[in-house]
Amino acid sequence: MNFQPMTAALRDWTRSLKRDVVALWIAARDPRTPLSAKLLAGAVAAYALSPIDLIPDAIPLLGLLDDLLIVPAGIWLALRWVAPALMAEYRAAALLQERPCSLAAAVVIVMLWLVTAGVLAGWWLGR
């Protein structure tokens, strides 16, 4: 069985996702992007560019869920909210831009983990 066409298509898809994440990061900073699209594009790009996942990949199945479903779904939705002409411009700019890293999103994710741990500890100790 020849898997080369399938792996090539998957590789192209992941490259386009990576490019689109950077394009959404650019869109979130452009004044021509409407506010609602900016907020969604910024949130999706920040999460996708965060060095820390909300659900760690070490957790079986759930850890890969955000990488395989949540991030692509967020990208898909954000792309629908940005005008196609602007998105084409952002995609071209994304090819020339180095992939940024969202440390702010990483801080938010760590804070969510700490709050969740605190709530679970409070619940456990209150039993």
Side-chain angles (χ1 to χ4, degrees):
M1 184 175 233
N2 187 3
F3 289 106
Q4 284 181 330
M6 192 180 336
T7 56
L10 186 58
R11 189 174 346 139
D12 292 344
W13 181 68
T14 56
R15 283 185 187 143
S16 70
L17 281 179
K18 288 179 181 181
R19 179 207 58 212
D20 285 348
V21 165
V22 176
L24 290 173
W25 180 77
I26 294 168
R29 286 156 180 73
D30 192 316
R32 297 174 293 165
T33 305
L35 181 60
S36 59
K38 269 187 189 194
L39 294 174
L40 180 60
V44 169
Y47 181 71
L49 296 171
S50 170
I52 301 173
D53 284 342
L54 184 60
I55 305 169
D57 291 341
I59 298 173
L61 295 175
L62 288 178
L64 297 175
L65 188 64
D66 65 339
D67 296 330
L68 295 175
L69 296 176
I70 297 170
V71 172
I75 292 169
W76 175 83
L77 183 60
L79 291 176
R80 300 296 177 262
W81 287 20
V82 178
L86 285 176
M87 202 60 223
E89 184 180 323
Y90 301 146
R91 282 180 173 134
L95 292 173
L96 304 173
Q97 176 125 10
E98 191 172 312
R99 184 181 164 109
C101 180
S102 178
L103 295 179
V107 168
V108 169
I109 290 170
V110 169
M111 288 174 59
L112 285 172
W113 285 350
L114 292 174
V115 167
T116 302
V119 167
L120 289 175
W123 172 79
W124 182 259
L125 295 173
R127 289 180 30 174

Peer 1: Looking at side-chain heavy atoms only, is the closest gap between L95 and R91 below 4.5 Å?
Peer 2: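 The answer is no; the side chains never approach within 4.5 Å.
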
Peer 1: Is there a continuous path of hydrophobic side-chain contacts, each under 4.5 Å between heavy atoms, that joins V107 to V44?
Peer 2: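 Hydrophobic grouping puts V107 apart from V44.
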
Peer 1: Please answer: with hydrophobic residues joined when any side-chain heavy atoms are less than 4.5 Å apart, are L17 and L77 in the same cluster?
Peer 2: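 Yes: a chain of side-chain contacts under 4.5 Å links L17 to L77.
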
Peer 1: Hydrophobic cluster membership, with links at side-chain heavy-atom distances under 4.5 Å among I/L/V/M/F/W/Y: are V21 and W13 in one?
Peer 2: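 In one cluster: yes.
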
Peer 1: Show, in sequence, the C-alpha distance, side-chain angles and deciding distance for T33 and W81, and conclude whether the side chain to side chain contact (heavy atoms under 4.5 Å, CB included) test is met.
Peer 2: CA-CA 9 Å; T33 305; W81 287 20; over 6 Å; no

Peer 1: If I take atom CG from residue L35 and atom CG from residue L40, how far apart are they, to the nearest 0.5 angstrom?
Peer 2: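 So the gap between those two atoms works out to 11.5 Å.
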
Peer 1: V22 and K18: side chain to side chain contact (heavy atoms under 4.5 Å, CB included), yes or no, with the steps?
Peer 2: CA-CA 7 Å; V22 176; K18 288 179 181 181; over 6 Å; no

Peer 1: What heavy-atom pair brings R19 and A94 nearest, and what distance separates the two atoms?
Peer 2: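 Closest approach of R19 to A94, heavy atoms only: O-CB, 3.5 Å.
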
Peer 1: Using the rule that Ile, Leu, Val, Met, Phe, Trp and Tyr join whenever any side-chain heavy atoms are under 4.5 Å apart, tell me whether V82 and W76 fall into a single cluster.
Peer 2: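 Yes: a chain of side-chain contacts under 4.5 Å links V82 to W76.
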
Peer 1: For residues A78 and A41, report the shortest heavy-atom separation together with the two atoms involved.
Peer 2: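 The pair with the smallest heavy-atom distance is CB-CA, 4.2 Å.
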
Peer 1: Between L24 and L79, is the side chain to side chain contact (heavy atoms under 4.5 Å, CB included) condition met? List the steps.
Peer 2: CA-CA 8 Å; L24 290 173; L79 291 176; 4.0 Å; yes

Peer 1: Nearest 0.5 Å please: distance from the CG atom of D20 over to the CD1 atom of I26.
Peer 2: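 D20 atom CG to I26 atom CD1 measures 10.5 Å (nearest 0.5 Å).
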
Peer 1: If only atom types and distance count, is the side chain of S50 paired as donor or acceptor with the main-chain N or O of A46 below 3.5 Å?
Peer 2: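 No; zero donor-acceptor contacts below 3.5 Å.
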
Peer 1: Are V108 and I70 joined in one hydrophobic group, where the rule is that I, L, V, M, F, W and Y side chains link up if heavy atoms are under 4.5 Å apart?
Peer 2: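 Per the 4.5 Å side-chain linkage, V108 and I70 are not co-clustered.
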
